[in-house]
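Comments concern the structure below.
As the structure is a computational prediction, the values presented were derived from the model and not from experiment. Naming: A, B, ... by sequence-line order, numbering from 1 per chain.
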Protein chains: 2
Amino acid sequence: MTLTRDQVEDTALAILTRFGLADLSMRRLARELDVQVGALYWHVKNKQELLVGVAARLLNGLDAGNQPGCSAQGDAPSTGGPTRGAPQDQASGRAAVAGLATGIRAALVNVPDSAEVIQVAQSLQPGSLAPLNRLRAMLAAAGIENPTWAQHLVMNHVLGSIAAAQESARLAAVDPTAAAVPLGDDAFDWGLRVILDGLFGDAAA
Amino acid sequence: MTLTRDQVEDTALAILTRFGLADLSMRRLARELDVQVGALYWHVKNKQELLVGVAARLLNGLDAGNQPGCSAQGDAPSTGGPTRGAPQDQASGRAAVAGLATGIRAALVNVPDSAEVIQVAQSLQPGSLAPLNRLRAMLAAAGIENPTWAQHLVMNHVLGSIAAAQESARLAAVDPTAAAVPLGDDAFDWGLRVILDGLFGDAAA
DNA sequence: ACCTGAACACCGTTCAAGT
DNA sequence: ACCTGAACACCGTTCAAGT
């Protein structure tokens, strides 16, 4: 079988998940695929472009209507046109944003250095990650005046929290004495609530 | 003259400021100092420890009471004990936090990749950056229930905004056609206002 | 105490040449 | 079209040996 771009991205994601970004080198990737390094550059322009693909894979499960918190939807949701504002937009808009932000975090928190990978993709090719576009659309639909700024505000919290949690876990693994502050799921939830309070004016606290 | 740790950190900061983190290698640093690479490792344990020193230098101007927004203070501020809550703590606490966050951003925004450097220092040696401790102390004094979480919430916005602004500037320098969204000072101010609204309950909007 | 010289084990990227 | 072999120009870190 000949090498495929999908195989390259799959193996890259596997290395990232098991060993982190420091071990995800083009040479290590080639070794894992039983191939010479140069072969990778026929399927991928460079390492950054590869990371954009890996970032997309990380958030792949968030594309359809399967974010946690909403039990079942996405097949035939509404009867009218989708462009009209629903009746309870203030509260349900906030809940939808919270659900998607929590889902993005859940998809990334167990993959080492995933926050860095997403940030590279976001800066190198903005707009290429569908769930982040959906987040912005949700914020716009909920009446937020500047949805792009709000998207970045929420994502900075999501990615910053993930990086901090993973770093504190990395420290605890090396030196179990300095337990410090957990900075886990509850810290994320608290911060998300603060941001949504500021965005939506405390309506659904 | 013999080499000094201060010289090493000074030169490292100069390279970072002029050329960014990608150009701040130990070998480039040694070249700039007219010295062999190994010489650096007598003054510094490794590159990460060096970056912690560089991070401290980046925030050095924020140590005393000279943050912008508060015209003059820090000499003999109050008559009573410092542990008692002042009368207008809700509003002045919020203003103090906003001033320090804005000051931290101002100290970093013109240094390429400064957000990454601060994050490395913060994760490798938490508590070593005095202005971040002052930020947490301010939040505690203002009555925020979990000042550590709030400190990270604010700092994730500060550092995330800086990184996004520098990346969008880097893109605009290479490809001036895709102007995209500015993501500059006003985006930062707006996000900070949202966070403070959520933290302080809309009191001083 | 402080630094040199030289090595070790890596990187990302390119490219002629093969098939 | 797809891959090998080999090179180019780098990395961070260590360490005997010099002074």
Side-chain angles (χ1 to χ4, degrees), chain A residues 1-55 112-113 116-117 119-121 123-125 167 170-171 174-175, chain B residues 1-55 112-113 116-117 119-121 123-125 167 170-171 174-175:
Chain A
M1 261 307 291
T2 88
L3 196 58
T4 300
R5 178 171 179 137
D6 270 28
Q7 285 178 57
V8 175
E9 290 186 354
D10 276 342
T11 307
L13 178 58
I15 295 177
L16 179 72
T17 303
R18 282 180 239 182
F19 307 103
L21 197 57
D23 283 37
L24 179 45
S25 67
M26 298 302 275
R27 303 180 109 99
R28 167 82 182 260
L29 188 51
R31 213 183 310 139
E32 218 90 7
L33 287 163
D34 275 310
V35 122
Q36 295 300 114
V37 221
L40 300 177
Y41 287 87
W42 198 92
H43 298 276
V44 142
K45 193 179 153 237
N46 51 34
K47 190 180 180 181
Q48 303 226 319
E49 199 210 57
L50 170 63
L51 289 183
V52 172
V54 172
D113 306 313
E116 283 90 325
V117 174
Q119 244 161 348
V120 168
S123 81
L124 205 81
Q125 209 172 112
E167 283 152 3
R170 196 136 41 181
L171 266 194
V174 176
D175 174 11
Chain B
M1 260 308 292
T2 89
L3 196 57
T4 300
R5 178 170 179 136
D6 270 28
Q7 285 178 56
V8 174
E9 291 187 352
D10 276 344
T11 308
L13 177 58
I15 294 175
L16 179 73
T17 302
R18 281 180 240 182
F19 307 103
L21 198 57
D23 283 36
L24 179 44
S25 68
M26 298 301 276
R27 303 180 109 99
R28 167 82 183 260
L29 188 51
R31 214 183 309 138
E32 217 89 8
L33 288 162
D34 274 310
V35 123
Q36 294 300 111
V37 219
L40 299 177
Y41 287 86
W42 198 93
H43 298 275
V44 142
K45 192 178 154 237
N46 51 36
K47 190 180 178 178
Q48 304 225 321
E49 199 209 58
L50 170 64
L51 289 182
V52 172
V54 172
D113 306 312
E116 285 89 324
V117 174
Q119 245 161 347
V120 168
S123 80
L124 205 83
Q125 211 171 111
E167 284 151 3
R170 198 136 40 180
L171 266 196
V174 175
D175 174 11

Taken to the nearest whole Å, CG/B:Leu40 to P/D:dC11 is 12 Å
inquiry  = Tell me whether the count of non-hydrogen atoms from other residues, nucleotides or ligands lying under 6.0 Å of CZ in B:Arg18 goes above 12.
reply    = no
In whole angstroms, the gap separating P of D:dG12 from CE of B:Met26 amounts to 7 Å
Sorted by position of nearest nucleotide on DNA chain C, 5' first, the leading residue of A:Ala39 and A:Arg27 is A:Arg27
Check: A:Leu29 and A:Leu50 side chains under 4.5 Å, non-hydrogen atoms | yes
Notebook entry, point to check: Do A:Arg170 and A:Asp113 come close enough that some side-chain heavy atom pair is under 4.5 Å?
Noted result: yes
pair_partner(C:dA6), Watson-Crick or wobble, both distances < 3.5 Å, evaluates to D:dT14
Roughly how many Å apart are D:dA9 and C:dA9, using the P atom of each and rounding to a whole number?
23 Å
Ranking C:dC2, D:dC11, D:dC3 by distance to the side chain of B:Trp42, first place goes to C:dC2
Of the listed D:dC2, D:dG5, C:dT13, the closest approach to the A:Thr2 side chain comes from D:dC2
Next on the checklist: Are there over 12 heavy-atom neighbours, none belonging to A:Gln7, within less than 6.0 Å of that residue's CD?
Outcome noted: yes
Per atom distances to the A:Tyr41 side chain, the nearest of D:dT4, C:dC11, C:dT13 is C:dT13
Check this one for me: any side-chain N or O of A:Ser25 less than 4.0 Å away from OP1 or OP2 of C:dC11? yes
In Watson-Crick or G-U wobble terms, with both distances under 3.5 Å, the base opposite D:dA1 is C:dT19
Q: Check whether any side-chain nitrogen or oxygen of A:His43 sits under 4.0 Å from OP1 or OP2 of D:dC3, and answer yes or no.
A: yes
